There are 2 protein chains.
Amino acid sequence: MTTIKDVAKAAAVSTATVSAVINDSAYVSPLLRARVQAAIHDLKYEPSQMARNLKKGRSELIALIVADLANPFFARMVWAAEAAVAAWGYSLVVFNSDEKPENERKALARIRALSCDGALVVPVGLPAHYAQRDAEGRGFPTVLFGRVVDDRHSDTVTIDNIAAGSQVTNYLLDLGHTRIGSITGPLHLTTGRGRLDGMLQAMAQRGVAPEPGHVRSGEFREDVAYSVAREMLDRPDRPTALYVANGVMALGVMRALADLSIHCPLDISIASTDTISGIGGLRPRLTRTEHPIIEMTNEALRLLVDRIQRGKDKPPRNVVFQPALVLGESCAPLKRS
Amino acid sequence: MTTIKDVAKAAAVSTATVSAVINDSAYVSPLLRARVQAAIHDLKYEPSQMARNLKKGRSELIALIVADLANPFFARMVWAAEAAVAAWGYSLVVFNSDEKPENERKALARIRALSCDGALVVPVGLPAHYAQRDAEGRGFPTVLFGRVVDDRHSDTVTIDNIAAGSQVTNYLLDLGHTRIGSITGPLHLTTGRGRLDGMLQAMAQRGVAPEPGHVRSGEFREDVAYSVAREMLDRPDRPTALYVANGVMALGVMRALADLSIHCPLDISIASTDTISGIGGLRPRLTRTEHPIIEMTNEALRLLVDRIQRGKDKPPRNVVFQPALVLGESCAPLKRS
DNA sequence: GACACCGAGCTAATCGTTTCGCTGCATTTT
DNA sequence: AAAATGCAGCGAAACGATTAGCTCGGTGTC
């Protein structure tokens, strides 16, 4: 490994001069500059980011903790985050909490140990958990993404889940459905609770309410949604329309429908939120609200980088994005029968 | 920031002793040990990984460069890699070359600057590019994944692409098809070239050859496959069966079929390789060869960690995995007409 | 000609660890 | 009793960069 000292020796200058050349941080005469550059080139010298970081107290690393790396929604987020982070001159360290608070805790510890400059976190824990972490981690630049657990202390970027739920539900109501069911996400997350609340609000506004057995909560997982759907739909009093809380779950529901020989949209209308991209081949295309995940990720990193570079005294900012209803062919007007 | 010196002062011992306690690297009497631990706890001291790394010359970072982070196949690879890397005690830094050699080069430079301990790379460049890089990067622990470009100097983990091509093609031939076409990947990659070769070999063994217009090469992208498929299939002499080089492309083909109102499998049989997971809802399910991507990723990281820890003098190892043919409903016997 | 001033480049301290080699006490060996 | 041994713990030198503060020769002013 060639160090700055080797270069200094080879160019017959001091390390300070070499450093000045590398970083363009002070005027160096053309003569010396040339000598230094030649030496750098000859010795194939590359400055050690590690030493530099130790001195400067930065690591140029940004951490991303996602709740479920197997979920295409978050995979896409990683994609967007990598691009954004690289554009800001950082590198991306990825962690998967796999929806387990314990893993998230470990990841956060690791992130501090690596002295990452900041973290973008899709939180997994209960609110109480965060209040505590927040007290400890005070001052560590963090942006919470997607699921608000605490909007008083941290920057957050979220989607308006209530709007997502009502948009979809209003559409189903407009098609004449009243027996609308839902397979929800975990209700302690705003992504679960909010979407359900939005649905209930929309229904209440039209004076209808879902039947008890038609609202089942689950997890954001394909297999869980599959089982719940099989159970809920394999009976005569099944709903005529179903709002599924996210894209992965919708896939599980579609699979259940195929197994039960229930035709969508003829026999049942299906709509969801945050449908995963890249499944353009799926027919019928889902009617869903889409989340501008790329813009959301970019905005989150903008906030994060701003906090890293401009300091932590600014008050926390909470950015809320609006979902957009996108029509597929998975919904049909209610058949009179 | 509390440092090891603060702890040493608080516990009235030397920094060496604190270090010994932290790392369990030397015997420390129970008395001092207790004092040190108390001080660590009181001061909420966390050792700086950065300083530690500088001293030890390691970073506990493993880099992953994938060719296309938007491709679910590689997204899944990130998922597997994160888990494996964490299990080995490292953290994962993710880069996306987006199929561009230039980006790959930048990522490699960044990786060296960060002094990552090793890199798992899905190579993008031409062989010549690698021969050169290899000469420079001599000694930097690297495992090449998926697309062999150079098996003499580096560890590699790959799939038997020729086998994948023949397996699928033999299946189609067994169904009676002889007018088999293919939309291939880039032919300078073994994942593109090999699969096509496998197909051609299988056909040659039965004495058939594809018609010229029925083999079109492209890129591993959904939209490219879509356009090629639209063009190739929208004519009377279209093939009766089509082998699509990867999963993302197969989605594009299915989309083209839907637009052209060509029914699969009644009008055309479609088969592919390395189909992406997570699209269980897609109907018909694709007949395809599946790659054991998780095992492959684990093996690649095993090789990488071994090389990081055990040294670089070992000869390079090349591990080849076998694809498995998985039947869906996207292929049907040739209709006599 | 003496003075202050300027600025290119150097010296050395510093970031927070790990670790080599040493000290000095207590125990064992002769 | 003197010498040899063992070993807990310490001091200080690294690791490879950045940077504050200093030196010292050249210019401008009176």
Side-chain angles (χ1 to χ4, degrees), chain A residues 1-40 43-61 89 109-117 140, chain B residues 1-40 43-61 89 109-117 140:
Chain A
M1 177 74 94
T2 85
T3 77
I4 200 172
K5 284 186 190 166
D6 303 328
V7 175
K9 201 165 296 176
V13 297
S14 74
T15 61
T17 305
V18 178
S19 178
V21 169
I22 296 169
N23 302 299
D24 229 3
S25 52
Y27 181 86
V28 177
S29 69
L31 177 67
L32 288 199
R33 173 178 299 272
R35 283 223 308 265
V36 168
Q37 274 162 346
I40 288 177
L43 300 174
K44 297 195 205 311
Y45 165 72
E46 296 179 69
S48 152
Q49 195 70 24
M50 234 155 46
R52 179 176 278 176
N53 290 342
L54 171 61
K55 187 79 230 279
K56 293 199 149 187
R58 305 179 294 98
S59 66
E60 298 193 337
L61 252 27
R110 178 85 182 146
I111 285 168
R112 304 202 50 172
L114 287 170
S115 34
C116 293
D117 293 343
F140 184 75
Chain B
M1 177 74 95
T2 85
T3 78
I4 200 173
K5 283 186 190 166
D6 303 327
V7 175
K9 201 164 295 177
V13 297
S14 73
T15 61
T17 305
V18 178
S19 177
V21 169
I22 295 169
N23 302 299
D24 230 5
S25 53
Y27 181 85
V28 176
S29 70
L31 176 67
L32 289 198
R33 173 177 298 270
R35 284 221 308 264
V36 168
Q37 274 161 345
I40 288 177
L43 301 173
K44 297 196 204 309
Y45 166 70
E46 295 180 69
S48 149
Q49 195 70 24
M50 231 154 48
R52 180 175 276 175
N53 289 341
L54 171 60
K55 188 74 226 254
K56 293 197 146 187
R58 305 179 293 97
S59 66
E60 298 193 338
L61 251 29
R110 178 85 183 148
I111 286 168
R112 305 202 50 172
L114 288 171
S115 35
C116 293
D117 293 344
F140 185 73

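Keep in mind that this is a model prediction, so the values were computed, not measured. Just so it is clear: chains get the letters A, B, ... in the order the sequence lines come, proteins before strands, and each one is counted from 1.
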Any side-chain heavy atom of [X] within less than 4.5 Å of one from [Y]?
{"X": "Asp24(A)", "Y": "Arg33(A)", "answer": "yes"}
{"X": "Ile22(A)", "Y": "Ile40(A)", "answer": "yes"}
{"X": "Glu60(B)", "Y": "Arg110(A)", "answer": "yes"}
{"X": "Val21(B)", "Y": "Gln37(B)", "answer": "yes"}

Do you know the tightest heavy-atom contact between [X] and [Y]?
{"X": "Leu114(B)", "Y": "Leu61(A)", "value": "CD2-CD1, 3.8 Å"}
{"X": "Ile111(A)", "Y": "Phe140(A)", "value": "CG2-CZ, 3.6 Å"}
{"X": "Pro30(A)", "Y": "Tyr27(A)", "value": "CD-OH, 3.6 Å"}

query: Looking at dT18(C), does its base get a donor-acceptor pair with the side chain of Lys55(B) below 3.5 Å?
result: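 Pair found.
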- request: Look at all strands and tell whether Ser19(A) reaches a base, only sugar-phosphate, or nothing, counting heavy atoms closer than 4.0 Å.
  value: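 It contacts base atoms.
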query: Reckon Asn23(B) touches a base, only the sugar-phosphate, or nothing at all at heavy-atom distances under 4.0 Å?
result: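 Sugar-phosphate: the residue Asn23(B), judged by heavy atoms under 4.0 Å, touches backbone atoms but no base.
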Between N or O atoms, less than 3.5 Å apart, protein on one side and nucleotides 7-11 of chain C on the other: list the pairs.
from	atom 1	to	atom 2	distance (Å)
dG9(C)	OP1	Ser29(A)	OG	2.7
dG9(C)	OP2	Ser29(A)	N	2.8
dC10(C)	OP2	Ser14(A)	N	3.0
dC10(C)	OP2	Ser14(A)	OG	2.9
dC10(C)	OP2	Thr17(A)	OG1	2.4

query: Looking only at atom types and distance, does a side-chain atom of Ser115(B) sit under 3.5 Å from a main-chain N or O of Ser59(B), one as donor and one as acceptor?
result: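 Not at all, since once roles are kept as given, no pair shorter than 3.5 Å links the two residues.
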DNA chain D: 5'-most and 3'-most nucleotides touching chain B, 4.0 angstrom heavy-atom criterion: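 Counting from the 5' end, contacts occupy dA8(D) to dG16(D).
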task: Measure the angle between the two terminal helix axes of the helix from dG1(C)-dC30(D) to dT30(C)-dA1(D), five base pairs each, and quote it to 10°.
output: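 Nearest ten degrees gives 60° for this helix.
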Atom-pair distance ([atom1] on [X]; [atom2] on [N]), nearest Å:
{"X": "Ile40(B)", "N": "dT17(C)", "atom1": "CD1", "atom2": "P", "result": "10 Å"}
{"X": "Asp6(B)", "N": "dC15(C)", "atom1": "CG", "atom2": "C1'", "result": "13 Å"}
{"X": "Leu54(B)", "N": "dC15(C)", "atom1": "CG", "atom2": "C1'", "result": "9 Å"}
{"X": "Lys5(A)", "N": "dA12(C)", "atom1": "NZ", "atom2": "P", "result": "12 Å"}
{"X": "Ile4(B)", "N": "dT14(C)", "atom1": "CD1", "atom2": "C1'", "result": "16 Å"}

task: Drop me the distance from Ile4(B)'s CD1 to Arg52(B)'s CZ, to the nearest 0.5 angstrom.
output: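 Reported value, rounded in 0.5 Å steps: 8.0 Å.
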- request: With rounding to the nearest 0.5 Å, note down the distance linking CD in Gln49(A) to CZ in Arg58(A).
  value: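 One gets 7.5 Å once the value is rounded to the nearest 0.5 Å.
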task: Return the set of residues passing side-chain contact (heavy atoms from CB on, under 4.5 Å) with Arg35(A) (not counting sequence neighbours), or none when no residue passes.
output: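 Checked Arg35(A) against side-chain contact (heavy atoms from CB on, under 4.5 Å); matches are Ala11(A), Ala12(A), Val13(A), Leu31(A), Leu32(A).
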- request: Tell me, please, which residues at least two apart from Ser19(B) pass side-chain hydrogen bond (donor to acceptor under 3.5 Å, both in side chains).
  value: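 For Ser19(B), the residues satisfying side-chain hydrogen bond (donor to acceptor under 3.5 Å, both in side chains) (neighbours in sequence not counted) are Asn23(B).
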Which pairs, protein N/O on one side and nucleotides 24-28 of chain C N/O on the other, fall under 3.5 Å?
none

query: So which one's nearest nucleotide on DNA chain D is more toward 5', Ser25(A) or Met50(A)?
result: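 It is Met50(A), whose closest nucleotide lies nearer the 5' terminus.
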